[in-house]
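Below, chain A is the first sequence line, B the second, and so on; all start at residue 1. Heavy-atom basis, side chains included; hydrogens, waters and symmetry copies ignored.
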Amino acid sequence: MKIATWNINGVKARLEGAVTWLRETSPDVACFQEIKSVDEAFPAEAFEELGYNVAVHGQKGFNGVAILAKRPFDEVTVRGLPGDANDSHARYIEVIVARPGGVVRVGNLYLPNGNPVGTDKFSYKLAWMQRLRKRAVDLLKLEEPFVLVGDYNVIPEPIDAKNPQAWTQDALFQPETRAAYRSLLNLGLTDTVRACYPGPGLYTFWDYQAGAWQKDHGIRIDHILASPQAADRLVAAGVDKFTRGWEKPSDHVPVWIELADD
DNA sequence: ATGGTTGGTAGCCAA
């Protein structure tokens, strides 16, 4: 079973690219972030025509997440990250999807960017990461296969940036940000791409500005974290770098894993 | 090199 995540940076702007990517790579589950669309305007029909069931948690103008799954899911377990009733940002959706021999729970997240450091935006990012940790703690108690996928807006280690010194003032690479991400891993979650590719040079984001793509000035900030029961079934992981070279690309590229059937 | 580009929106804001 193939599970993929992609920050598409606007579903209206990326519909053609998203459909092409789905046709070419046919993931069983595809998680999108930054759809920048309200639920009613999300082009679900275009994805249903490809055989996907669709769940959306959107909002006007920015943020927004969606899950597409070829296999059925009974219901959307969670819309919006639990833990703060006053948080109006559409950044989390979670479903339980059928899997050969069982189920897998998929949490799709768009973690706050947090820039500039020292503002309420950075405080919001760190608080959001604490709430995500709480969600992971609750899910781990179930001792079931689950994955937390999406745009984490976290550069975990210096090897996850072409030029780490260029990010030292950025919210994505602050010590507090990296520590919060590490605390997620230390609960017992596996960074699946890191597990399959321990070395440097693998990136998921290249800024539109300053020729970042042409210079390979990339960072790895889109991640798939797996529970022990999911990590036990991990057979492959990868990054679909080729989409960044397309016409009208997203600044992020897809990340995926393959889980063995039971 | 304190720049540069894109998407959604109609506020320039968010990234």
Side-chain angles (χ1 to χ4, degrees), chain A residues 5-21 31-44 46 56-66 80-81 86-92 108-129 132 149-156 160-174 176-178 180-181 203-223 240-255:
Chain A
T5 172
W6 190 12
N7 180 326
I8 57 174
N9 190 18
V11 69
K12 295 179 194 71
R14 214 68 59 216
L15 184 55
E16 186 180 345
V19 167
T20 300
W21 170 73
C31 298
F32 292 147
Q33 303 87 39
E34 276 202 279
I35 62 172
K36 298 184 177 181
S37 166
V38 293
D39 293 3
E40 305 76 52
F42 188 81
V56 185
H57 180 46
Q59 72 180 106
K60 186 178 182 182
F62 69 128
N63 301 328
V65 286
L81 186 65
N86 294 321
D87 184 3
S88 60
H89 287 202
R91 296 180 175 275
Y92 188 81
N108 176 21
L109 63 103
Y110 175 45
L111 206 148
N113 175 290
N115 279 304
V117 173
T119 67
D120 56 351
K121 290 188 176 185
F122 189 60
S123 310
Y124 173 62
K125 176 179 192 142
L126 295 179
W128 206 94
M129 295 185 81
L132 181 61
V149 318
D151 178 0
Y152 277 72
N153 271 313
V154 175
I155 304 168
D160 298 309
K162 179 66 171 288
N163 302 121
Q165 66 278 13
W167 298 92
T168 54
Q169 305 304 309
D170 197 285
L172 281 58
F173 197 49
Q174 290 308 293
E176 300 97 317
T177 305
R178 296 173 58 199
Y181 183 80
Y203 311 125
T204 66
F205 170 92
W206 296 260
D207 202 293
Y208 289 125
Q209 303 182 74
W213 168 244
Q214 289 75 13
K215 293 187 283 193
D216 195 30
H217 189 319
I219 51 178
R220 192 177 74 96
I221 57 175
D222 300 270
H223 308 299
D240 289 341
K241 184 177 180 179
F242 57 88
T243 65
R244 190 62 177 80
W246 284 355
E247 293 282 319
K248 278 186 57 111
S250 171
D251 41 7
H252 296 251
V253 298
V255 176

Practice task
For Ile35(A) and dG7(B), give me the distance from atom CD1 to atom P, rounded to whole Å.
Solution key: 16 Å

Practice task
To the nearest Å, give me how far apart CG (Asp251(A)) and P (dT5(B)) are.
Solution key: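 Whole-Å distance recorded here is 14 Å.
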
Handout entry: 5'-most by nearest nucleotide on DNA chain B - Lys36(A) or Asn115(A)
Key =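 Counting from the 5' end, the first nearest nucleotide belongs to Lys36(A).
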
Problem - First of Asn153(A) and Gly61(A) reached from the 5' end of DNA chain B, by closest nucleotide - result: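 On the 5' side of the pair lies Gly61(A).
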
Problem - Check: His223(A) ring centroid to Tyr181(A) ring centroid under 6.0 Å - result: yes

Problem - Minimum-distance nucleotide (side-chain atoms of Ala13(A) versus dA15(B), dT6(B), dG8(B)) - result: dG8(B)

Exercise for the section: With sequence neighbours excluded, tell me which residues meet salt bridge (charged side-chain N to carboxylate O under 4.0 Å, His left out) with Asp151(A). Expected result: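 Expected list: none.
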
Handout entry: Nearest-Å distance once atom P is located in both dC12(B) and dT2(B)
Key =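 The same atom, P, in both gives a distance of 26 Å.
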
Problem - Cation-pi, Tyr110(A) ring and Arg91(A) (6.0 angstrom, 45 degrees) - result: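 That pair qualifies as a cation-pi contact.
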
Exercise for the section: Verify the contact: side-chain N or O of Lys12(A) to OP1 or OP2 of dG8(B), cut-off strictly under 4.0 Å; return yes or no. Expected result: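 No, because none of the side-chain N or O atoms of Lys12(A) sits under 4.0 Å from OP1 or OP2 of dG8(B).
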
Exercise for the section: Determine the contact category for Arg244(A): base if any of its heavy atoms lies under 4.0 Å from a base atom, sugar-phosphate if only primed atoms, P, OP1 or OP2 are that close, otherwise nothing. Expected result: nothing

Exercise for the section: Assign Phe205(A) to base, sugar-phosphate, or nothing according to its heavy-atom contacts below 4.0 angstrom with the strands shown. Expected result: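 Since no nucleic acid heavy atom lies under 4.0 Å of Phe205(A), the category is nothing.
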
Exercise for the section: Would you give the length of the straight line joining atom CD1 of Ile221(A) to atom CD1 of Ile155(A), rounded to the nearest 0.5 angstrom? Expected result: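 Going from the CD1 atom of Ile221(A) to the CD1 atom of Ile155(A) covers 7.0 Å.
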
